[in-house]
Amino acid sequence: MFRSGSFVIAVAGSALFAIGVRGKDNGLAITPQMGWDNWNALGCDVSEDLLVQTANLIVDYGLRDLGYHYVILDDCWSSGRNASSNNSLIPDTTKFPRGMAAVADDIHALNLGFGMYSDAGRYTCGMYEGSLGHETVDANSFAEWGVDYLKYDNCYNEGYAGNQLISSTRYRTMGDALNATGRPILYSLCNWGEDYPWNWGSTVANSWRISGDIFDDWDAYDARCPCEGPDAWNCELPGFHCSVTNIFNKVAFIVSKAQPGAWNDLDMLEVGNGAMTDPEYVAHFSMWSAVKSPLIMGNDLRDIAPQDLSILSNAAVIAVNQDPLGQSAARRWLCHGNGTNGESGGSGIQLWSGNLKGTVHEDYNDYVVLLVNGNNNATVMNATLEDIFVDSGPRGHAPQVDMSWEVRDLWAGRMSNETAQAIIDASAVASNTTNGYNATTITSGGNATAIFDNRYNATAMSYADGLAANNSILLGSVTTTVQPSGTLTANVDRHGAAMFRLRAIPTAVRKRDEL
Ligand code: GAL
């Protein structure tokens, strides 16, 4: 039973006087965390086999070496508390016959991290035991089992919400308990944006959800996810069944809250879950990457289609997400899809841009440009240098407007479906052989294909180092240039996106500059 009296005292006490190690000071998530979570595709259908098989597929498919590190077990894994052992949580022995430590060991043996789920309430959302009032004993169990990541939900919080102080204190209790274990455990808040976690999340945790649950749909209206539309902000009712467009609109107002160690979480990816088109999934992945959301795959990897593996494997886009500067892109303009330009309605077109660290120019950073077409027709979109660089000077006064830029289309080097299929087939071979699996060269259709030759390996070289070394897989190739005061133009699919890296073209030093 939770003691409400002592909780109120704790609220005042810890908020005003406690100076302790905060979640974000755990040294983790310096770039947004990447991984996989079972919830979006599989809900409560969890088991040891699912996690271990998925971990192996993450390795086989080259996803680990692209940075997807955490294998996260969501809700529905426990079966009560053990009264004779500090009331600690008991894993469901039908689903996890060897216990959680054995699962963690298997995942660690593959050089991956193990994530688990609990809830800052009496029960989890699936009505299993929650951790409210049991923070220390549960944090200790997680640490003993070898857990590297905790997703911490918000159901059945017994009314301990309603303002930022109450919610932040409730979440801080678990953050402090995790830190006290001495084991680095990435702390991922899942309170759906309730009580504005972007204001306090960075002092408590490594990321915070900004909305109700994502739904595998581009822009469907659903009254259960209120605050719909481009001007939705400070939403008080998180709801659920939130479309990609709905969530993206919400992050537009809080992009500046993202920072190394603490990120806006737009929720797990829906890429590969089947209800969106390929351009919609391309746009979804691009949008989440540009605003530095955690990239947590949410599909069933045992049944992945090649085009979805190809999206999730785009290292040039991931390099934007993992950029060492850790700044979110920002929305520069949005035009509503009102049909005036011949389009047939939709959620409008938008330009986003932002700073990236990678550069060859001593004074000017690279820039990411994201053009999103939410309208119901394919369209030509134009982004002027003036709009792209507006943060560096208004109305065309940014020095970058007077420069020339290389334009690198970050989807131009997308892996072909044939290659993706060969990777998938190779793994199926691996699971049927006792001789193990050689991930560098496989035989597909009778031809030996070096399928991993053209793939980025972030295990061997971090994204930061790869960018500093001008790795061509991360940069993409130059597809066009933009001249001073010029405009970047792109054809963008219906419900699609185009994404570019702009890199300054060094200009010859003029004589008078040397004087
Ligand atoms: C929701 C949460 C989901 C998932 C689910 C499990 O509250 O936002 O991501 O974890 O609970 O029951």
Side-chain angles (χ1 to χ4, degrees), residues 32-47 50-51 54 70-80 89 91-92 95 114-132 138 142 147 149-161 167 170-171 174 186-198 201 205-217 222 224-227 235-244 246-247 250-251 263-273 284 288 293-300:
Q33 66 264 30
M34 296 175 64
W36 173 88
D37 178 301
N38 62 272
W39 180 258
N40 281 356
L42 296 151
C44 281
D45 188 11
V46 293
S47 68
L50 169 68
L51 296 187
T54 300
Y70 295 103
V71 178
I72 304 160
L73 166 63
D74 212 284
D75 201 353
C76 316
W77 57 266
S78 72
S79 60
L89 286 165
D92 181 323
K95 296 169 180 170
F114 178 39
M116 285 189 71
Y117 163 103
S118 191
D119 188 291
R122 176 71 185 85
Y123 303 105
T124 71
C125 298
M127 291 294 282
Y128 294 77
E129 281 288 315
S131 290
L132 187 64
D138 291 354
F142 296 138
V147 170
Y149 184 117
L150 180 68
K151 170 176 173 178
Y152 204 43
D153 213 339
N154 194 32
C155 280
Y156 303 103
N157 61 35
E158 310 214 304
Y160 293 111
S167 278
R170 181 163 47 92
Y171 277 93
M174 179 54 97
L186 194 152
Y187 188 30
S188 159
L189 304 191
C190 178
N191 74 328
W192 324 310
E194 189 173 84
D195 292 335
Y196 317 115
W198 42 88
N206 298 107
S207 63
W208 50 90
R209 282 269 301 278
I210 67 156
S211 73
D213 288 12
I214 193 170
F215 188 59
D216 189 10
D217 194 283
D222 193 313
R224 290 168 296 180
C225 183
C227 312
C235 186
E236 287 190 37
L237 272 176
F240 60 103
H241 260 238
C242 301
S243 71
V244 164
N246 176 299
I247 297 173
K250 286 173 177 159
V251 82
W263 308 103
N264 287 314
D265 178 357
L266 278 66
D267 204 355
M268 301 165 291
L269 296 165
E270 292 285 5
V271 175
N273 282 332
H284 170 34
W288 266 226
S293 173
L295 295 179
I296 307 296
M297 300 181 286
N299 56 326
D300 186 348

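Both counts, for ligands and for their atoms, begin at 1 and track the order of listing. All of these numbers come straight from a predicted model, not from anything done at the bench.
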Checklist entry - To which of D75, D265, N154, N38 does the heavy atom nearest atom 12 (O) of ligand 1 belong? => result D75

Checklist entry - Of the protein's non-hydrogen atoms, which lies at the shortest distance from atom 7 (O) of ligand 1, and what is that distance? => result D153 OD2, 2.8 Å

Checklist entry - Would you say the side-chain atoms of D153 and W192 include a donor-acceptor pair closer than 3.5 Å? => result yes

Checklist outcome for this item: Short version for C190: what comes under 4.0 Å of ligand 1, heavy atoms counted, is side chain

Checklist entry - Taking the inter-plane angle between the rings of Y70 and Y149 on a 0 to 90° scale, is it parallel (under 30°), tilted (30 to 60°) or perpendicular (over 60°)? => result tilted

Next on the checklist: What I'd like to find out is whether the side chain of E270 reaches to under 4.5 Å of the side chain of I214, using heavy atoms alone.
Outcome noted: yes

Checklist entry - Is ligand 1 under 4.0 Å from a heavy atom in the side chain of W192, in the backbone, in both, or in neither? => result side chain

Checklist entry - What protein heavy atom sits nearest atom 4 (C) of ligand 1, and how far off is it? => result D74 OD1, 3.5 Å

Item to check | Which of the ligand 1 atoms, numbered from 1, are nearer than 4.0 Å to a heavy atom of C125 | outcome: 1 (C), 7 (O), 11 (O), 12 (O)

Checklist entry - What atoms in ligand 1 come closer than 4.0 Å to a heavy atom of D213? => result 1 (C), 2 (C), 3 (C), 8 (O)

Checklist entry - For ligand 1, which atoms have a heavy atom of M268 less than 4.0 angstrom away? => result 9 (O)

Next on the checklist: Just to verify, which of I247, D267, N40 counts as forming a side chain to side chain contact (heavy atoms under 4.5 Å, CB included) with D213?
Outcome noted: D267

Checklist entry - Can you check whether K151 has an N/O within less than 3.5 Å of an N/O in ligand 1? => result yes

Checklist entry - Does some non-hydrogen atom of Y117 fall short of 4.0 Å from ligand 1? => result yes

Checklist entry - Does a donor on one side chain and an acceptor on the other come within less than 3.5 Å for D119 and Y156? => result no

Checklist entry - So, N206 and Q33: side-chain donor and acceptor under 3.5 Å apart, yes or no? => result no

Checklist entry - If you measure only the distance, is there a donor-acceptor pair under 3.5 Å linking the side chains of N191 and E194? => result no

